Structures are given as structure tokens and as C-alpha cells.
Amino acid sequence: MADRIIQLKKLPESPIDERKFRINYREALNAAQFAAAAHRDGPLLVIAGAGSGKTRTLIYRVARLIESGAPPGAILLLTFTRRAAQEMLRRVERLIGERGGQVAGGTFHSFANTVLRRHGAAIGLKPGFTILDRSDMEDVINLLRGRMGFGTKERRFPKKGAIAEAISMARNKGRELKDELEADFAHLLEHEAEILAIAAAYETYKRERGLLDYDDLLYRLASLMREHEGVRNRLSDTYRHILIDEYQDTNAIQAELARLLAATHQNVMAVGDDAQSIYSFRGADFRNIMEFPKLFPGARIIKLEENYRSLQGILDLANEVIDRAAEKYSKALFTERRGEFRPVLVRARDEQTQSRFVAQRILELREEGVSLDEIAVLFRSSFHSFDLELELQRRDIPFVKRGGFKFIETAHIKDVLAHLRVIANPADAVSWMRALTLTPGVGARRAERIIESIVARERPEDALADAAAQAGLRAQAALDGCVRLAATLARLREAGRRPADQLADVIEYYAPLLREAHPDDYPKRERDLEHFQNLAERYRSLDAMLADMALEPPTDSIGDVLAVEPEEGHVTLSTIHSAKGLEWRAVFVIWAAEGRFPGPMSASPEELEEERRLMYVAATRARDELYLTYPIHMFDRSLGYVMGRASRFLDDLPAEVLPTALLQEEDDAAPA
DNA sequence: CTTCTCCCTGTTTTT
DNA sequence: CAGGGAGAAG
């Protein structure tokens with residue numbers, strides 16, 4: 001006789017008692033957001049439209065993981081910019097208290113830096129490696145090109161920037177340089193053999209001297225984890241929950257890092273928006289986000305489509321812009337937010353008028369009670385704001401500018417840094433080159449000879465004076481200069497010195513050289529050095545300071561007006577790239593004109609598609625008000641004044657979605 | 001042979 | 001505005 005069968009009932013999907021949590025997640029989040037935040041284990045992909053509470057969802061998921069018992073240190077939050085990382089960690093801390101501060105987080109690059117300094121020995125890395133930024137990379141390439149004798153006779157050898165770009169792109173796409181050149185750098189193929197030789201020499205050079213460029217940080221971390229199962233499992237066990245923001249901007253290596261980090265648990269949450277992929281120039285491919293379910297089989301997919309940021313009129317515009325994209329995107333944004341506002345396309349007479357309009361409207365907004373902190377002006381390329389910066393200065397409107405040139409990239413800061421880097425890594429020949437050629441009478445040739453004879457030493461500066469004499473330096477002034485440099489470096493190397501004091505010594509040594517080199521504008525540059533000095537005070541180790549300067553440099557170039565009444569806030573001027581993930585109550589997009597946005601460099605259909613997404617990103621930064629402007633008369637260097645046309649991304653939009661306005665002088669007629 | 005100086009050009013976007 | 005090239009000067 002058969003046993004009696006008793007049916008065991010399946011428990012309902014979510015038996016979790018919400019009351020055990022301190023935070024009321026159901027109240028704080030909508031259904032889709034809640035599903036994402038409450039997700040426990042296994043891969044999860046969140047496709048989140050602009051303004052759909054993506055960051056909020058991430059933060060609540062972190063909080064919930066911790067409330068469910070995950071140690072904060074086991075949660076790793078990877079982002080693309082330091083600002084995004086800091087902002088998130090701050091909000092986590094506010095939500096759940098100081099334990100939130102123990103959550104690990106940062107950019108892919110800074111995470112790689114930390115891991116490689118600790119575990120890099122397994123792949124032959126010294127912990128004291130130096131990080132090369134893009135211009136350092138170009139300096140090395142230039143040095144090698146010279147050494148190898150390329151481009152001296154021939155006129156048309158590719159520029160160092162082009163070579164660096166090709167090398168970097170190949171790395172980020174995980175391709176052979178040869179293939180990359182053939183696919184995307186056809187114009188360099190003429191010099192293929194030389195470029196390949198330079199690339200090979202570049203690799204050797206970096207390895208011999210303990211140098212890593214940005215791409216190496218990711219690439220070597222991936223090799224480390226691929227080749228060393230022990231390290232891989234240790235890292236994966238340490239970080240039981242990996243959360244990745246802006247996944248649409250990952251490239252091939254970053255996707256692999258995600259896979260490697262999740263080796264022992266598959267707990268990866270990726271958040272992104274395919275319509276906001278704007279980093280293909282860095283090797284990012286928005287198809288990555290589509291491939292996520294292939295990389296992590298069984299991934300759960302959640303879409304966030306409701307927008308909490310913008311008024312419907314602004315979303316209508318954004319939807320129209322992205323609707324016209326060649327590749328169709330999966331979402332249409334909608335919102336419950338009601339309001340009359342429609343975005344406006346403002347046609348200004350010329351650039352000056354455009355600037356005047358923006359400045360005037362900013363002042364009006366301030367009159368209406370909008371804080372300057374709630375206003376941003378966005379543009380395609382950082383130089384587009386030059387005229388506006390002057391206008392804002394004229395009217396005493398405080399602003400900060402994000403993106404574009406950072407003060408860390410200016411020659412005088414790099415000069416000062418070079419001296420510190422030589423102390424941190426005596427084998428860093430690029431920095432030696434920079435420091436040495438600053439002394440009068442020493443140029444590239446002699447500097448190289450000097451470096452060759454001293455660079456292998458532990459304290460190269462001890463041999464500096466002799467080497468200088470042997471390198472053919474005759475002039476007493478030049479020899480004296482080398483002696484002074486050696487003395488300064490020797491002092492820097494004394495044990496137990498604070499980075500800030502070391503920097504002060506360098507600046508003392510460097511100040512006369514700076515005045516000599518820039519008699520016209522050295523006061524401005526000295527102010528930058530002072531600013532740098534202040535920044536240095538926070539660091540306890542030179543290595544940490546140098547790594548930060550390469551990976552997470554201070555981004556805001558402080559406008560001269562910053563000191564004016566700081567309590568009233570400041571307008572943000574930003575490239576669209578740097579504005580990613582941020583929002584403001586009122587947003588201006590200037591230079592929304594053909595030839596600027598899209599710019600002249602965007603020719604291929606793919607590039608134009610990316611420009612379109614960029615416009616979409618720009619528009620969706622605005623909460624309540626959005627103004628797009630362009631000048632009717634644009635100045636072109638070769639043609640003089642030409643007629644400006646509205647950006648093709650706005651040109652064909654229906655007038656209900658984007659009405660136009662023309663600016664008029666006050667006494668001309670009725671106001672526009 | 002090297003360095004310095006002056007004039008030109010041409011400028012995305014970022015870790 | 002800086003990076004590169006050409007030519008002058010050390």
C-alpha cells in the first residue's frame with residue numbers, strides 16, 4: 001500500500017517580514033525600485049531611465065543588504081567618477097548611519113590601484129609604482145619615438161596623441177593593436193610598423209620602471225585575477241556584493257573585471273541606461289549592457305521607467321530626441337510631475353548675445369528665489385563656455401566649472417609634481433626628464449644622457465652633479481642648476497617628511513624658475529601652487545597623494561569669483577560628460593548648433609548616434625526648466641561669420657515639443 | 001650638437 | 001594656450 005501523500009506547500013515568493021527593517025523600503029521606493037533593492041543573491045541588471053531613481057535604488061539596496069546582515073565592508077560599489085562614488089557613499093551613510101562609511105567604493109581605476117598595491121607582487125609589480133596620466137603616456141611615447149629615430153626626417157609622422165589613443169583604445173577593447181589600427185585608425189596604417197614598435201617599447205619601458213598607465217590599472221588587475229586563482233577567490237570572498245553604476249559605459253576589460261570579482265558568488269548588480277552611453281571614445285560599448293545576461297546567465301532584469309526628476313514637457317523633448325536614434329531604445333520616460341513648462345530653443349544673434357541671455361535669465365531665476373546651486377549651463381566641449389565665463393565674471397555671478405582643463409594638468413603643477421614623483425619612484429624617467437629640462441642649459445638630449453647614467457641608483461640625485469658634467473654641460477649656470485636640483489631632491493628624501501612639507505620645498509626651489517619662464521602671468525600660476533599646497537595638507541603619505549593626483553584629481557577649477565559671498569552658492573558650468581548622473585532645477589544647453597554639437601569631429605554614423613545620446617543626457621539633467629540656445633551668427637576661423645544652424649538633434653522637432661524664441665534688444669520692439 | 005625663442009596652428013568628451 | 005616646427009644663438 002502506497003504511503004499517503006502530503007503536499008508541501010510552496011512558500012510565497014517573499015516571506016521576508018518587512019517589519020524587521022528599520023527603513024520602510026516599500027514606502028520609500030516604487031514597485032520596480034523595491035524589487036531591485038530587495039533582491040538578495042545572484043546577478044541583477046537594472047535598466048534605469050534618466051531620472052528614474054537609479055542612485056536611490058542603489059543606495060537603498062546597499063542599506064537593505066546591510067540591514068539583512070551583510071557586513072558593510074563586503075559591499076563594493078564601483079562607479080566611473082569619484083564624485084558619483086563619494087555622493088553615493090555619503091547618502092548611504094546618511095541613510096543607515098556610520099556603518100555605511102565602511103562600504104568599499106570608488107572608481108574602477110582607484111579600486112584597481114588599491115588592489116594592485118597590495119597584491120601586485122604576484123604579477124611582478126612593485127607596490128611603489130607610479131601612475132601615468134594621459135599626458136605622461138604621451139611624453140613617454142614621444143621620448144621613445146625620438147630614441148627610435150622615427151619622425152625625424154619624415155614630416156608626416158603621426159602625433160604622439162594619435163599613437164597614444166590607438167594604443168589605449170586597443171587595450172580597452174581587448175584587441176591586438178594591429179587589428180585596432182586596421183579597424184579604426186586607417187589613417188595611421190602607413191606607419192603601422194613603427195607604431196607597433198613604439199607600442200612594444202612602451203610596454204617594456206613601463207615594466208622596467210614601475211609605471212602603469214590608466215589602461216594598465218584595469219588590464220593588470222584583470223591579469224592578476226585571471227592568473228592567480230588564490231587572489232581571485234580572496235577578492236571575490238572579500239566583496240560578496242558587487243554593485244556597478246553606469247554599466248552602459250563599461251568597456252570589455254571592466255566587464256571582465258565584473259565577472260572575475262563575482263567568481264565565487266555571482267552577486268553582481270549592474271545599473272545603467274543604454275540610451276545614456278556616451279563614453280565610446282574610451283572603449284565603452286553600450287552593447288555591454290545588453291550582453292550582461294550572457295555574461296551572467298540567469299540574471300534577473302528590472303526596468304525603471306518612471307521619471308521623478310523632470311516635468312513632462314522636458315521628457316517629451318528627451319523622448320523625441322532619442323526616438324530618432326537609429327538603434328531603438330527600450331524605454332519611454334513618463335512622469336506624474338505636472339507643470340506648464342516647455343523647453344525653449346532660443347536663437348541668439350551671436351555668441352555674445354547668447355551669453356547675455358544666459359546670464360540675464362540666471363539673474364532672473366535668482367530673483368525668483370532659485371538658488372544658484374540649482375542652475376547649470378552645459379555644453380559639448382569645455383571651450384564653448386569661454387565667452388560665457390567672461391560674461392558671468394562681468395556680472396559677478398559666481399560659478400564653478402567642471403570638466404575640461406583641470407589645474408592639475410597645467411604645466412606648473414606638473415612641473416612640481418615631477419620632483420615629488422622622482423622621490424617616490426627614482427626610476428621614473430619621465431619625471432626626471434621634466435625636472436631636469438627645467439634647469440636652464442639642460443635640454444632633452446643632455447637630460448636623457450644624465451638620466452641614463454643615474455636612473456638605476458637608489459638615490460639618483462647623489463650622482464646628478466657628476467653626470468651633468470659628463471653629459472657635456474659646460475656652462476657654470478647650468479651646472480649650478482643641477483647642483484641645486486640635487487640638493488633639493490636630497491632634502492625631499494629625508495626620512496619622515498610630510499608630503500605638504502616636501503611640496504613646500506619643491507615650490508621654494510621652483511618659484512624662481514616659474515617667474516623666469518612666465519614673466520607675464522606667474523602670479524596666477526603661483527596661486528595655483530598655493531592651492532595645491534593647501535590640498536597637500538590632507539595627505540600623510542607621498543604615494544597616496546601622487547596616486548590621488550593621477551586618479552582623482554581635484555576637478556573644479558576655481559573661478560576667480562569664488563570668494564564672493566559663498567553662501568549664495570554658485571552656478572555650475574559643465575561639459576555634458578561631467579554632468580552625467582547629476583540634476584539641476586534649471587539647465588541651459590549652449591551652442592546647440594551644427595558644427596559644435598555635434599562637433600566637427602563626429603562624422604561616422606556611430607559617432608553621430610553617440611552625440612544624439614549626449615543631447616539626451618543633457619536634456620534629462622533638467623528638473624523644471626530647460627533652455628537650449630545657439631547663435632545665428634557664428635564665427636569660423638577660416639570663413640569669418642557664418643550662419644549658425646540649430647543642432648540636427650533639435651532641428652526637426654515639432655514646435656509643440658520645442659518652441660523657438662528669438663532674442664530682441666529692449667528698445668527694438670516687444671520682448672521675445 | 002643643443003638649446004632657446006618665436007610664430008604658427010588647431011582645440012571633444014575622461015579615468 | 002600649448003605643442004610643434006623652424007631658425008637663431010650658445
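To find a chain, count down the sequence lines: A is the first, B the second, and so on, and within it residues start at 1. Computed from a predicted structure; not experimentally measured.
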From [atom1] of [X] over to [atom2] of [N], roughly how many Å is that when rounded to an integer?
X	N	atom1	atom2	value
A/E606	B/dT13	CD	C1'	17 Å
A/D213	B/dT14	CG	P	18 Å
A/R402	B/dT15	CZ	P	12 Å
A/Y279	B/dT14	OH	P	6 Å
A/D249	B/dT14	CG	P	12 Å
A/E246	B/dT15	CD	C1'	14 Å
A/I413	C/dC1	CD1	C1'	16 Å
A/E610	B/dT14	CD	C1'	12 Å

Quiz item: Is the A/H412 to A/Y522 ring centre distance short of 6.0 Å?
Solution: no

Quiz prompt | Main-chain N/O of A/Y616 paired with A/T620 side-chain donor or acceptor, under 3.5 Å | solution = yes

Quiz item: Taking NZ, NE, NH1 and NH2 as the nitrogens, is one of them in A/D273 or A/K580 under 4.0 Å from a carboxylate oxygen of the other?
Solution: no

Taking 4.0 Å as the cut-off, does a side-chain nitrogen or oxygen of [X] come that near to OP1 or OP2 on [N]?
X	N	result
A/K580	B/dT13	no
A/T575	B/dT14	yes
A/S578	B/dT13	no

Quiz item: Stacking here means centres under 5.5 Å and planes under 30°; does A/F281 stack on B/dT13?
Solution: yes

Quiz item: For A/Y214 and A/D133, does a side-chain donor sit closer than 3.5 Å to a side-chain acceptor?
Solution: no

Quiz item: Do the side-chain N and O atoms of A/D543 and A/S541 include a donor-acceptor pair separated by under 3.5 angstrom?
Solution: no

When you compare the protein's N or O atoms with those of nucleotides 5-8 of chain B, which come within less than 3.5 Å of each other, and at what distance?
none

Quiz item: Which residues pass the side chain to side chain donor-acceptor pair (under 3.5 Å) test with A/D350, sequence neighbours left out?
Solution: A/T353

Self-check item: side chain to side chain donor-acceptor pair (under 3.5 Å) partners of A/E389, counting only residues at least two apart
Solution: A/S385, A/K401

Quiz item: Pick the nucleotide of DNA chain B nearest each of A/D215 and A/M601; which residue has the one closer to the 5' end?
Solution: A/M601

Quiz item: For A/F129, is the NZ or CZ atom of A/R117 found under 6.0 angstrom from the centre of its six-membered ring and inside 45 degrees of the ring axis?
Solution: yes

Between protein and nucleic acid, restricted to nucleotides 2-4 of chain B and to nitrogen or oxygen atoms under 3.5 Å apart, what atom pairs and distances do you find?
residue : atom : partner : partner atom : Å
B/dT2   : OP1  : A/R449  : NH2          : 2.3
B/dT3   : OP1  : A/G443  : N            : 2.5
B/dT3   : OP1  : A/G443  : O            : 3.2
B/dT3   : OP1  : A/R446  : N            : 3.3
B/dT3   : OP2  : A/A444  : N            : 3.4
B/dT3   : OP2  : A/R445  : N            : 3.2
B/dT3   : O5'  : A/G443  : N            : 3.2
B/dC4   : OP1  : A/G441  : N            : 2.7

Quiz item: For A/F80, which contact category applies under a 4.0 Å heavy-atom criterion: base, sugar-phosphate, or nothing?
Solution: sugar-phosphate

Practice problem: Not counting sequence neighbours, list each pair that qualifies as a salt bridge (Lys or Arg N to Asp or Glu O under 4.0 Å) and has a residue in residues 212-224 of chain A. | Solution: A/R171-A/D216, A/K206-A/D213, A/K206-A/D216

Quiz item: Looking at the side chain of A/K160, which of B/dT15, C/dG3, B/dT13 is the nearest nucleotide?
Solution: C/dG3

Self-check item: Residue A/S381, side-chain heavy atoms: nucleotide from C/dA2, B/dT15, B/dT13 that is nearest
Solution: B/dT13

Exercise. Can you sort out the partners of A/F281 under side-chain contact (heavy atoms from CB on, under 4.5 Å), two or more places apart, ordered by chain and number?
Key: A/Y279, A/H577, A/E610

